[in-house]
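All of these numbers come straight from a predicted model, not from anything done at the bench. First listed ligand is number 1; within each ligand, the first listed atom is number 1.
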Amino acid sequence: MLIEIPQLLSAEEVTSVRDIIEGADWIDGRATAGELASRAKRNAQVPEDSPQARQAGDIILRALGRNALFNSAALPLRVLPPLFNRYDTGMFFDAHVDGAVRSSPGLGTRMRADLSSTLFLTAPDEYDGGELIIEDSYGVHAVKLAAGSMVLYPAGSLHRVREITRGARLSSFFWTQSMIKDEGLRTTLYDLDRGIVDLRKSVSSDAQGILMLTGVYHNLLRRWAEL
Ligand SMILES: O=C(O)CCC(=O)C(=O)O
Ligand SMILES: [Fe+2]
């Protein structure tokens with residue numbers, strides 16, 4: 001399932017992140033790609049251990065921490081420190097699936113990548129092309145979001161970034177290990193949570209039914225979560 005998280009970052013946070021990463025020493029994105037992906041990949045990246053990546057990444061991690069939609073949909077156990085890429089005109093990233101196990105100098109451990117995220121840092125009118133094309137069990141989706149908005153999608157889905165034909169596209173991308181490995185179970189918990197949130201708008205939150213459904217949510221999470 002694909003989930004759009006509108007305005008994860010405020011306009012001020014987008015400006016701060018852009019200002020920070022513009023001062024970094026950008027490198028060829030192929031440096032961090034495996035053998036197969038490096039043939040598919042034409043972009044530039046901020047080195048993952050650079051101070052700029054950490055500083056801008058912390059702004060994003062704080063925003064994720066306070067975002068109810070991200071927490072409900074991803075049920076995150078760990079988030080790999082955010083990385084940053086730029087596609088100038090003529091650049092692209094061909095179809096690939098993200099690696100299952102990842103590590104980073106900042107994390108100190110390996111983690112399973114369950115969910116991939118792209119956080120858009122440039123407005124759609126700043127560039128042509130550059131859509132993130134994601135194939136999931138429901139079909140093929142072309143995603144191009146406002147600056148500050150993010151898409152969350154299963155790391156195992158085939159995806160690519162279409163060639164940029166004007167301007168440049170800046171984004172942050174990162175991986176999340178979920179407490180719930182199985183996508184179907186995770187989606188069920190997300191649907192249940194959304195249902196409860198919706199009911200609470202019209203039914204008193206101490207109603208017996210809401211208490212029971214909230215109990216069911218937590219008891220399923222207790223059964224399924226791997227920490
Ligand atoms: O730039 C993007 O939107 C996606 C990047 C990506 O797929 C990757 O680095 O694996
Ligand atoms: Fe990818």
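Each of the following atoms of ligand 1 lies closer than 4.0 Å to a heavy atom of Val161: 1 (O), 2 (C), 3 (O), 4 (C). Near Thr118, meaning under 4.0 Å from one of its heavy atoms, ligand 1 places the atoms 2 (C), 3 (O), 4 (C).
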Can Asp136 and Ser157 be said to form a side-chain hydrogen bond (donor to acceptor under 3.5 Å, both in side chains), step by step? CA-CA 6 Å; Asp136 69 6; Ser157 44; over 6 Å; no
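In terms of heavy atoms, Ile59 sits closest to Ser16 at CD1-CB, 4.0 Å.
Within 6.0 Å of CZ on Arg166 lie more than 12 heavy atoms contributed by other residues, nucleotides or ligands.
Between the side chain of Asp28 and the backbone N or O of Ala31 there is no donor-acceptor pair closer than 3.5 Å.
Atom 5 (C) of ligand 1 has as its closest protein heavy atom Tyr87 OH, 3.7 Å. Nearest to atom 8 (C) of ligand 1 among the protein's heavy atoms is Phe93 CE1, 3.4 Å.
For His96, the heavy-atom gap to ligand 1 drops under 4.0 angstrom.
Proximity of Lys144 to ligand 1, defined as any heavy-atom pair under 4.0 Å, is not found for any part of the residue. Heavy atoms of Lys41 found under 4.0 angstrom from ligand 1: none, in either backbone or side chain. Only side-chain heavy atoms of His159 come within less than 4.0 Å of ligand 1; its backbone N, CA, C and O stay farther off.
At a threshold of 4.0 Å, the pair Arg200-Asp198 does not count as salt-bridged, since none of the basic side-chain nitrogens sits closer than that to a carboxylate oxygen. Look at Arg18 and Glu126 and you find a salt bridge, because one of the NZ, NE, NH1 or NH2 atoms lies within 4.0 Å of a carboxylate O, short of that distance.
Annotation: cation-pi geometry not satisfied between Arg186 and Tyr190 (NZ/CZ under 6.0 angstrom from ring centroid, within 45° of ring axis). With Tyr127 as the aromatic partner, Lys144 meets the cation-pi criteria of under 6.0 angstrom to the ring centre and within 45 degrees of the ring axis.
In terms of polar-atom proximity, Asp98 is counted as a contact of ligand 1, with an N or O under 3.5 Å from an N or O of the ligand. Note: an N/O pair closer than 3.5 Å links Asn85 and ligand 1 by distance alone.
Seen from the Fe ion (ligand 2), atom NE2 of His96 and atom OD1 of Asp98 lie 100° apart in angle, a value rounded to 10°.
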